[in-house]
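What you are looking at is a predicted structure, and each value in this text was computed from that prediction instead of being measured.
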Amino acid sequence: MALGEFDLIRRYFSRATPSALLGIGDDAALVAPTPGQALVVAADTLVEGHHFFAGTAPEALGWKALAVNLSDMAAMGATPRWFTLCLTLPAAEPDWLAGFAAGLYALAERHQVELIGGDTTGGPLAFSVQILGEVAPGQALRRAGARIGDDVWLSGPTGAAALAVEARYGRLTLAPDDLAYCANRLDRPEPRVELGLALAGLAHAAIDISDGLLADAGHLAACSGVAVHLHTDLLPSLPLPPALANSAAAWRAALGGGDDYELCFTAAPQQRATIERIGEKLGLPLTRIGQIEAGQGVRLLDDAGRPQQVERLGFDHFAGK
Ligand SMILES: Nc1ncnc2c1ncn2[C@@H]1O[C@H](COP(=O)(O)OP(=O)(O)O)[C@@H](O)[C@H]1O
Ligand SMILES: Cc1ncc(C[n+]2csc(CCOP(=O)(O)OP(=O)(O)O)c2C)c(N)n1
Ligand SMILES: [Mg+2]
C-alpha cells in the first residue's frame, strides 16, 4: 500500500516532543526559550549529487542532515534544543524512511534535541534542517573576536572526509580499511557540541570546518579583521598509514577538502592548560596549529617559518561553474 504524506509524517517523524509547548501536527510549533538566553538559529541543506552520493545509506543521511546543523550550534557555543526537517523525496519508501529516521533520531537523542516540525514534498532527494539553540548572550562564540597573539586551535584531524569524496568519485584508490575510516568521517560526522559548550566564554572566536580548513580559517580572519598564521608542521596528521597520511592528496584534503565538521577556534595563550584539560576530558585531540597576527587572510608557514604558496583551496558550490 502506498504511503501517503501524512501517514509518512505520523509513522516516521512524530516522536514525543516534551521540551516544546506544541510539536508536530499544527500549522507551526511553539517553543519557550529559557528566559535570559539568546535564541541561536541556523540552517543547512544537503542535496543529492552535491552534498552526498546517490545510494548513500539512509541512516547516514539522517545522521548527517542533523550533524551539520549541530555543528553550527557547536561553533556558536550554543546548547541545541529543537529542529525542523524539510524533506524532498522522489518516492516514499518505507525501508528508506525507517533508516533515515533511525539515523536522525540516534543523533537527536544523543544531543537531546527534538524534531518539532518541518515539511515533506516530492522532488529530487534533498534535506534541509533548521536548528534552534540557546546561549547566554555574552558567551556566544563568533567568527569575529580573534585577538592578535591568540593561539589558533583545531579539534581532530581534517581531510578524511574529503579523501572519501575523492575515492567515491574514482579519483583516488584507498585500501578497504582506509576507505572505511574516511567514509565514516564523511557519512557520520560527530558534531563537536560539547567542545563548543566548554569553549563558550573562553575562546575568542570559532568556526566549524565545512568548506575546508584554509577557507574557514579565512572566514574567521576576515570577520575578526586579523591574519591567521598556520604552521604546516603543527597540523594533526590523519590516523592512516604514513604513505597515505603524508601524501599530496591527504595534504590537499586536510587544507581544502571540507566536510570535516571540526572546530577551529582562537584563545589567549594563558588558556592553554585549560584547553588541554577540556580535550582530555572530552577524549578529543585539540591541537595548537598557529596564531593570530596583525594583517589579513590566512598564511601557511613551513617548519622554518617560511610562507608557503597555497592555491585557493576550499569548497564553493558555484566556483568554476
Ligand atoms: N540564502 C541565504 N539567505 C540569508 N542568509 C544566508 C543565506 N545563505 C547563507 N546565509 C548566511 O550566510 C552566512 C554564511 O553561511 P554559510 O557559509 O552557509 O555558513 P555555515 O558554513 O556556518 O553553514 C550565515 O550567517 C548564513 O546564515
Ligand atoms: C557528492 C559530493 N560531492 C562533493 C562533496 C564535498 N562537499 C559538498 S558540500 C561541501 C561543503 C559543505 O557544504 P555547504 O553547503 O557549503 O555547507 P556550509 O558551509 O553551509 O555548512 C563539501 C566539502 C560531497 N560531500 N559529496
Ligand atoms: Mg550553511
Side-chain angles (χ1 to χ4, degrees), residues 3-47 51 58-59 61-89 92 94 96-123 125-142 189 191-198 200-201 206 208 210 261:
L3 191 59
E5 181 183 330
F6 302 101
D7 298 331
L8 181 165
I9 297 164
R10 208 170 20 249
R11 195 179 308 173
Y12 298 104
F13 300 106
S14 294
R15 297 200 189 171
T17 54
S19 80
L21 299 176
L22 183 63
I24 289 167
D26 213 305
D27 293 311
L30 296 175
V31 296
T34 307
Q37 296 275 299
L39 205 53
V40 187
V41 186
D44 263 324
T45 299
L46 302 183
V47 178
H51 295 89
E59 291 84 355
L61 295 176
W63 176 283
K64 190 160 177 176
L66 181 56
V68 300
N69 281 276
L70 286 168
S71 179
D72 281 328
M73 293 291 110
M76 296 301 290
T79 304
R81 299 289 311 275
W82 308 284
F83 67 102
T84 64
L85 170 68
C86 295
L87 266 180
T88 306
L89 303 171
W96 190 94
L97 282 158
F100 183 90
L104 182 87
Y105 280 109
L107 190 61
E109 276 163 23
R110 187 181 298 194
H111 292 281
Q112 296 178 292
V113 283
E114 290 177 2
L115 175 62
I116 55 166
D119 190 34
T120 306
T121 68
L125 191 61
F127 328 106
S128 191
V129 165
Q130 182 175 55
I131 192 159
L132 302 172
E134 297 181 332
V135 71
Q139 302 254 300
L141 298 174
R142 300 182 46 193
R192 304 305 186 190
V193 176
E194 294 83 2
L195 175 61
L197 290 171
D208 69 320
S210 55
Y261 302 102

*Tell me, with the steps shown, if L39 and V31 meet side chain to side chain contact (heavy atoms under 4.5 Å, CB included).*
CA-CA 11 Å; L39 205 53; V31 296; 5.6 Å; no

Minimal heavy-atom distance between A65 and V129, with the atoms involved, is O-CG2, 3.6 Å

Discussion item. Can you confirm whether E5 is buried at CD, in the sense that more than 12 heavy atoms of other residues, nucleotides or ligands lie under 6.0 Å from that atom?
Written reply: yes

Rounded to the nearest 0.5 Å, the CE atom of M73 sits from the NE2 atom of H111 at a distance of 12.5 Å

Of all heavy-atom pairs linking A78 and V193, the shortest is O-CG1, 4.4 Å

Output for pair (T84 OG1, E114 CD), nearest 0.5 Å, gives 13.5 Å

Checklist line | Note, T79 side chain near T34 side chain (heavy atom, < 4.5 Å) | finding: no

Quick one, K64 with L46, criterion side chain to side chain contact (heavy atoms under 4.5 Å, CB included). Give me CA distance, side-chain angles, the key distance, then yes/no. CA-CA 9 Å; K64 190 160 177 176; L46 302 183; 3.9 Å; yes

Self-check item: Side chains of L70 and Y261 in contact at under 4.5 Å (non-hydrogen atoms)
Solution: no

Parallel, tilted or perpendicular for F100 and F13, by the 30°/60° rule?
perpendicular

So CG of N69 and OG1 of T45: to nearest 0.5 Å the spacing works out to 8.0 Å

_Could you go through Y12 and T120, starting from their C-alpha distance and side-chain angles, then the distance that decides it, and tell me whether this counts as side chain to side chain contact (heavy atoms under 4.5 Å, CB included)?_
CA-CA 12 Å; Y12 298 104; T120 306; over 6 Å; no

In short, A67 meets P189 closest at the heavy-atom pair CB-O, 3.7 Å

Nearest heavy-atom contact between A42 and D72 is CB-CB, 4.0 Å

Carefully, step by step, assess Q37 and R81 under the rule side chain to side chain contact (heavy atoms under 4.5 Å, CB included). CA-CA 12 Å; Q37 296 275 299; R81 299 289 311 275; over 6 Å; no

CG of L87 to CG of D119, rounded to nearest 0.5 Å, is 9.0 Å

CD1 of I9 to CG of L115, rounded to nearest 0.5 Å, is 10.0 Å

Here the gap from F83 atom CZ to L66 atom CG, rounded to the nearest 0.5 Å, amounts to 4.5 Å

Heavy-atom closest pair (R11 atom, L3 atom, distance to 0.1 Å) is NH2-CD1, 3.4 Å

Margin query: When you compare the side chain of P191 with that of L107, does any pair of heavy atoms fall below 4.5 Å?
Written below: yes

Closest non-hydrogen contact found for I116 with A29 is O-CB, 3.3 Å

Side-chain touch L104/F127, heavy atoms, less than 4.5 angstrom: no

